[in-house]
Amino acid sequence: MLSGGYLWEQPNAEAPEVYESFDFLRGLVVDGLGVRPEGGGGNTLVGQFASGRVGCTPAGGYWVQGLSEAGMQPTDYDVQFFPRWATGEGSELQRHQFGTAGYAIMKTAKDREAAWQWLKFTASLEGMRHVFANPNTTPSRRSMVNEELFGVKGPRHWKRFYETLDRFPSTGPIPAPPQQGSVETALIKNVSLAVGGSEAQMKGALQSLQRDLELALRRTA
């Protein structure tokens, strides 16, 4: 039986690996190769990517349908694995992340048996074929990530959406803490300043992020 997921205890915004990542992103902005983060979520980024304002962004198979609807052809873009760390040793150098989603049965559910049957159907091949008629996600079933789903609208290397799990065993899920709202507020407040200013501003922003995350994680959900 698995439950709980990651336990968020102490933030590490001032760790050398975090500094390295932010300094790389800051360099892209300084050199005119990137822009400071903007609000609006993935839908905003899809439009910016399709219009040429953004040339590279972390994303998954769920972007394929959106980019197609925005007018991009499969030959207009491609997908690649995450870059390696510049420092360090071992398989963690090129660790990837993935996100998952699914239904849950509430403790207050009146008909748990019916809910359980529905959950089993959504995880079946038949259920997924109903939901994923278009490439708007990377299905958890390997058999669904095929030429039929991604071959027409997807980029040349669409197989890499699933290959990250095979080729990089250290790949892990993206956890969301119970204090998601406070954590997100801390990130929005500090990340843009960290990558959009001088090195001194970046250091100050990471220190501020560390403090804000420490306060956020002390709160209960």
Hey, could you give me the OH/CG distance between Tyr19 and Asp23, rounded to the nearest 0.5 Å? 4.5 Å
Minimum heavy-atom separation for Phe161 and Val64, please, with both atom names. CE1-CG2, 3.9 Å
How close do Val18 and Ala13 get, heavy atom to heavy atom, and via which atoms? CG1-O, 3.3 Å
Is a side-chain donor or acceptor of Asp78 paired with a backbone partner of His157 at a separation under 3.5 angstrom? yes
If I compare all heavy atoms of Pro139 with all of Met144, which pair ends up nearest, and what's the gap? CB-CB, 3.5 Å
Kindly indicate whether the side chain of Trp63, heavy atoms from C-beta on, has any atom under 4.5 Å from the side chain of Asn136. no
Above 12 or not: heavy atoms from other molecules or residues under 6.0 Å from CZ of Phe121? yes
Could you check whether any side-chain heavy atom of Phe98 comes within less than 4.5 Å of a side-chain heavy atom of Leu165, counting everything from C-beta outward? yes
side-chain contact (heavy atoms from CB on, under 4.5 Å) evaluation trace for Glu113 with Asp111: CA-CA 6 Å; Glu113 180 57 33; Asp111 196 337; 4.0 Å; yes
Closer than 3.5 angstrom, by distance alone: can the side chain of Thr185 be matched with the main-chain N or O of Gly181 as a donor-acceptor pair? yes
Lys159, NZ atom: more than 12 neighbouring heavy atoms under 6.0 Å: no
Strictly distance-based, threshold 3.5 Å: is any side-chain N or O of Arg141 a donor or acceptor partner for the main-chain N or O of Ala123? yes
Under a 4.5 Å cut-off applied to non-hydrogen side-chain atoms, are Trp116 and Lys120 in contact? yes
In Å and rounded to the nearest 0.5 Å, what is the CG to CG distance from Leu187 to Leu213? 6.0 Å
Any idea how Phe150 and Trp158 line up, ring-wise: parallel (<30°), tilted (30 to 60°), or perpendicular (>60°)? parallel
Would you mind reporting whether Phe49 and Val54 have side-chain heavy atoms less than 4.5 Å apart? yes
Over 12 foreign heavy atoms within 6.0 Å of CZ, Arg112: yes
Has Thr138 got a side-chain atom pairing as donor or acceptor with Gly61's backbone, closer than 3.5 angstrom? yes
Close side-chain approach of Met128 and Ser140, heavy atoms under 4.5 Å: yes
Nearest 0.5 Å please: distance from the CZ atom of Phe24 over to the CG atom of Leu28. 4.5 Å
Has Asp76 got a side-chain atom pairing as donor or acceptor with Gln73's backbone, closer than 3.5 angstrom? yes
Looking at CG of Asn146 and OH of Tyr162, how far apart are the two atoms once the value is rounded to the nearest 0.5 Å? 12.0 Å
Has Gln117 got more than 12 heavy atoms of other residues, nucleotides or ligands less than 6.0 Å from its CD? yes
Give, for atom OG of Ser124 and atom NE2 of His130, the distance between the pair rounded to the nearest 0.5 Å. 8.0 Å
With hydrophobic residues grouped by side-chain heavy-atom distances under 4.5 Å, do Phe82 and Leu33 end up in a single group? no
Rounded to the nearest 0.5 Å, what separation is found between the OG1 atom of Thr164 and the CD atom of Gln94? 11.0 Å
Can Met106 be reached from Tyr103 by stepping across I, L, V, M, F, W or Y side chains whose heavy atoms are under 4.5 Å apart? no
Decide side-chain contact (heavy atoms from CB on, under 4.5 Å) for Asn190 and Leu206; before the verdict, give the C-alpha distance in whole Å, the side-chain angles of both, and the deciding distance to 0.1 Å. CA-CA 7 Å; Asn190 297 290; Leu206 290 179; over 6 Å; no
State yes or no: do Val29 and Val191 share one hydrophobic cluster built from I, L, V, M, F, W and Y residues joined by side-chain heavy-atom distances below 4.5 Å, directly or via other members? no
Would the distance check show the side chain of Gln210 and the main-chain N or O of Pro11 forming a donor-acceptor pair, the cut-off being under 3.5 Å? yes
Check the pair Lys189, Asp212 against side-chain contact (heavy atoms from CB on, under 4.5 Å), reporting the backbone distance first and the verdict last. CA-CA 9 Å; Lys189 172 186 172 184; Asp212 290 345; 3.1 Å; yes
Polar side-chain atom of Asn12 near backbone of Ala15 as donor-acceptor pair, under 3.5 Å: no
Leu149 reachable from Val131 in the ILVMFWY side-chain graph, under 4.5 Å edges: no
Between Arg160 and Phe81, is there a side-chain heavy-atom distance shorter than 4.5 Å? yes
I'd like to know if Asp166 pairs up with Arg142 as an ion pair, taking the criterion as any Lys NZ or Arg NE/NH1/NH2 lying under 4.0 Å from an Asp or Glu carboxylate oxygen. yes
How far apart are the closest heavy atoms of Ala70 and Ala50, and which atoms are they? CB-CB, 3.6 Å
Smallest heavy-atom separation, Pro155 atom then Val79 atom, equals CG-CG1, 4.1 Å
ILVMFWY cluster, Leu193 and Phe22 together (side-chain gap under 4.5 Å): no
Backbone N or O of Ile188 within a donor-acceptor pair of the Ser192 side chain at under 3.5 Å? no
